[in-house]
Amino acid sequence: MAQLLFNCFAAFTVVCAAGVVLNKNVVNAAMCLLLSLVGVAGLFVALNAYLLAFLLLLVYAGAVVALFLFIIMLLDTKGDQQPGLKHLSLVARILAFALVAGGFVSFFMRSQLPEPALATTPALGAELKLYAYQLFTTYLLPVQVLGFLLLIAMIGVIVLSKKFAATEDAK
Amino acid sequence: MIAPTLHAYLTISALLFALGFLGVLIRRNTLVVFMCLELMLVASTLALVAFSRFNGTMDGNVFVFFILTVAAAEVAVGLAIIVALFRQRRTIQVDELNSLKN
């Protein structure tokens with residue numbers, strides 16, 4: 001049963017991710033990203049990370065993809081226009097593709113991972129408590145830094161998206 | 001009844017990462033390139049959660065928390081930059097954004 005669910009979600013995720021890459025239409029690509037994220041959330045549930053699955057859906061599928069869709073509609077952009085590939089970029093792409101393919105081949109041929117058995121995870125309530133405990137003890141400093149990062153990002157976005165008509169008039 | 005192995009999860013993660021990487025390489029639209037970057041971030045979080053689950057620690061999961069936060073901030077700033085770029089140049093095709101060339 002677990003294997004079946006894993007196969008379904010994994011195939012769903014990878015197919016939708018391929019949809020993001022291959023779709024010419026930007027809105028369709030964003031929708032494929034949304035579905036792919038739902039698949040990843042399913043894989044998280046299979047890994048007993050219920051809170052992270054919920055957060056992934058909330059933050060990524062809820063906020064990030066919605067933001068992407070807003071920007072797509074705001075910019076009213078067309079999909080990819082395909083003028084002829086320049087020589088150098090074509091070579092670079094083929095090289096990068098070969099690199100990825102080579103990485104995969106070596107991964108399947110000679111990866112020697114130890115296969116640990118599934119560790120036991122705490123029950124859901126205890127798991128939440130463990131998250132909170134870790135965030136407020138071991139990882140207290142990163143949490144504070146992240147708070148500042150979010151503040152800086154917010155201020156940066158406001159500055160970036162502001163129209164500087166006033167300063168241009170002053171010149 | 002066999003449960004999926006760590007190797008299976010890492011394979012899916014690597015596949016997702018490779019797809020995102022290829023998307024960054026072959027797409028011309030900045031927005032799609034940005035979506036593919038998100039795909040790569042999610043692939044890395046999947047690997048972290050899988051390692052965390054199979055090793056019985058919480059640290060990977062907590063790290064995914066941080067990655068989600070940073071990704072949210074990154075998306076907000078990146079999209080703001082793309083909008084500012086579009087206002088200036090009226091295009092977001094990667095090929096046409098070559099003012100640093102020469």
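These numbers were taken from a predicted model, which means no experiment stands behind them. Each chain gets a letter, A, B and so on, in the order the sequences are listed, and its residues count up from 1.
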(request) Tell me, yes or no, whether the heavy-atom count around A:Phe104 atom CZ, taken from other residues, nucleotides or ligands under 6.0 Å, exceeds 12. (result) yes

(request) Mark yes or no for whether B:Arg27, through its side chain, and A:Asn23, through its backbone, hold a donor-acceptor pair below 3.5 Å. (result) yes

(message) If I take atom CG from residue A:Leu146 and atom CD1 from residue B:Ile67, how far apart are they, to the nearest 0.5 angstrom?
(response) 10.5 Å

(request) State the CD-OG1 distance between A:Gln3 and B:Thr5, to the nearest 0.5 angstrom. (result) 7.5 Å

(message) For A:Phe12, is the CZ atom crowded, meaning more than 12 foreign heavy atoms sit under 6.0 Å from it?
(response) yes

(message) Need one label for B:Ala8: side chain, backbone, both or neither, based on atoms under 4.5 Å from any heavy atom in chain A.
(response) both

(message) Which atoms of A:Leu37 are under 4.5 Å from chain B, going by heavy atoms: the side chain, the backbone, both sets, or neither?
(response) side chain

(message) Less than 4.5 Å to any heavy atom of chain B: does that hold for the side chain of A:Phe70, its backbone, both, or neither?
(response) neither

(message) Could you measure the distance from the CZ atom of A:Arg93 to the CG atom of B:Leu22? Nearest 0.5 Å is fine.
(response) 11.0 Å

(request) Sort out for me which of A:Leu5, A:Leu135, A:Ile152 touches chain B most, counting heavy-atom pairs under 4.5 Å. (result) A:Leu135

(request) Tell me, yes or no, whether the heavy-atom count around B:Phe86 atom CZ, taken from other residues, nucleotides or ligands under 6.0 Å, exceeds 12. (result) yes

(message) Hydrophobic clusters here meaning ILVMFWY residues chained together by side-chain heavy-atom distances under 4.5 Å, can you tell me if B:Phe66 and A:Phe136 are in one?
(response) yes

(request) For chain A, find which of B:Thr91, B:Val83, B:Leu46 contributes the most heavy-atom pairs closer than 4.5 angstrom. (result) B:Leu46

(request) For chain B, find which of A:Ala96, A:Gly156, A:Gly103 contributes the most heavy-atom pairs closer than 4.5 angstrom. (result) A:Ala96

(message) If I take atom CE from residue B:Met58 and atom OH from residue A:Tyr139, how far apart are they, to the nearest 0.5 angstrom?
(response) 10.0 Å

(message) ring-ring contact (aromatic ring centres under 6.0 Å, His included) for A:Tyr131 and B:Phe65? Distances and angles first, verdict last.
(response) CA-CA 10 Å; A:Tyr131 272 118; B:Phe65 254 74; 5.3 Å; yes

(message) Less than 4.5 Å to any heavy atom of chain B: does that hold for the side chain of A:Thr13, its backbone, both, or neither?
(response) both

(request) Please flag which part of A:Leu74 lies under 4.5 Å from any non-hydrogen atom of chain B: side chain, backbone, both or neither. (result) side chain

(message) For a 4.5 angstrom cut-off between non-hydrogen side-chain atoms, does A:Tyr60 reach B:Val75?
(response) no

(request) Determine the option with the most heavy-atom pairs under 4.5 angstrom with chain A, choosing from B:Ile82, B:Leu39, B:Val94. (result) B:Leu39

(request) Check each atom of B:Thr11 against the heavy atoms of chain A and say whether the ones under 4.5 Å are side chain, backbone, both or neither. (result) both

(request) Indicate the atoms forming the closest heavy-atom contact of A:Val14 with B:Leu19, along with that distance. (result) O-CD1, 3.6 Å

(request) Could you look at A:Leu67 and say if it's the side chain, the backbone, both or neither that has a heavy atom under 4.5 Å from chain B? (result) both

(request) Write out all pairs satisfying ring pair (Phe, Tyr, Trp, His ring centres under 6.0 Å) with one or both partners inside residues 8-47 of chain B, taking only residues at least two apart or from two chains. (result) A:Phe6-B:Tyr9, A:Phe68-B:Phe34

(message) Please classify the contact between B:Ile92 and chain A as side chain, backbone, both or neither, with a heavy-atom cut-off of under 4.5 Å.
(response) side chain

(message) Are the side chains of A:Val65 and B:Glu38 in contact, using a 4.5 Å heavy-atom criterion?
(response) no

(request) Pick one of side chain, backbone, both or neither for A:Ala63, based on which atoms fall under 4.5 Å of a heavy atom in chain B. (result) neither

(message) Tell me if the CE atom of A:Met31 is crowded by more than 12 foreign heavy atoms within 6.0 Å.
(response) no

(message) Less than 4.5 Å to any heavy atom of chain B: does that hold for the side chain of A:Ala46, its backbone, both, or neither?
(response) both

(request) Measure distances from B:Val33 to the heavy atoms of chain A and classify the residue's part below 4.5 Å as side chain, backbone, both or neither. (result) neither

(request) Select, from A:Val20, A:Leu52, A:Leu149, the one with the greatest count of heavy-atom pairs under 4.5 Å involving chain B. (result) A:Leu52

(message) Is A:Leu75 in contact with chain B via its backbone, its side chain, both, or neither, using a 4.5 Å heavy-atom distance?
(response) both

(request) Would you mind checking which part of A:Val59 comes under 4.5 Å of any heavy atom in chain B, side chain (CB onward), backbone (N, CA, C, O), both or neither? (result) side chain

(message) With a 4.5 angstrom heavy-atom cut-off, is it the side chain or the backbone of A:Val100 that approaches chain B, or both, or neither?
(response) side chain

(request) May I ask you to test the A:Val26-B:Met35 pair for a side-chain heavy-atom distance under 4.5 Å? (result) yes

(request) Hey, could you give me each pair passing side-chain hydrogen bond (donor to acceptor under 3.5 Å, both in side chains) that has a residue in residues 71-87 of chain B? Not counting sequence neighbours. (result) none

(message) Heavy-atom cut-off 4.5 Å, strictly under: side chain, backbone, both or neither for A:Ala30 against chain B?
(response) both

(request) Mind checking the CD1-CG spacing from A:Ile94 to B:Leu25? Nearest 0.5 Å is all I need. (result) 11.5 Å

(request) State the CG-OG1 distance between A:Leu56 and B:Thr45, to the nearest 0.5 angstrom. (result) 6.5 Å

(message) Side-chain heavy atoms nearer than 4.5 Å, only ILVMFWY residues, links allowed to pass through others: does that put A:Leu58 and A:Leu43 together?
(response) no

(message) Among A:Ala18, A:Ala49, A:Cys32, which residue has the highest count of heavy-atom pairs closer than 4.5 Å to chain B?
(response) A:Ala18

(request) Using non-hydrogen atoms and a 4.5 Å limit, figure out which bit of B:Leu16 sits close to chain A: side chain, backbone, both or neither. (result) side chain

(request) Counting only heavy atoms closer than 4.5 Å, note whether B:Leu48 contacts chain A via side chain, backbone, both or neither. (result) neither

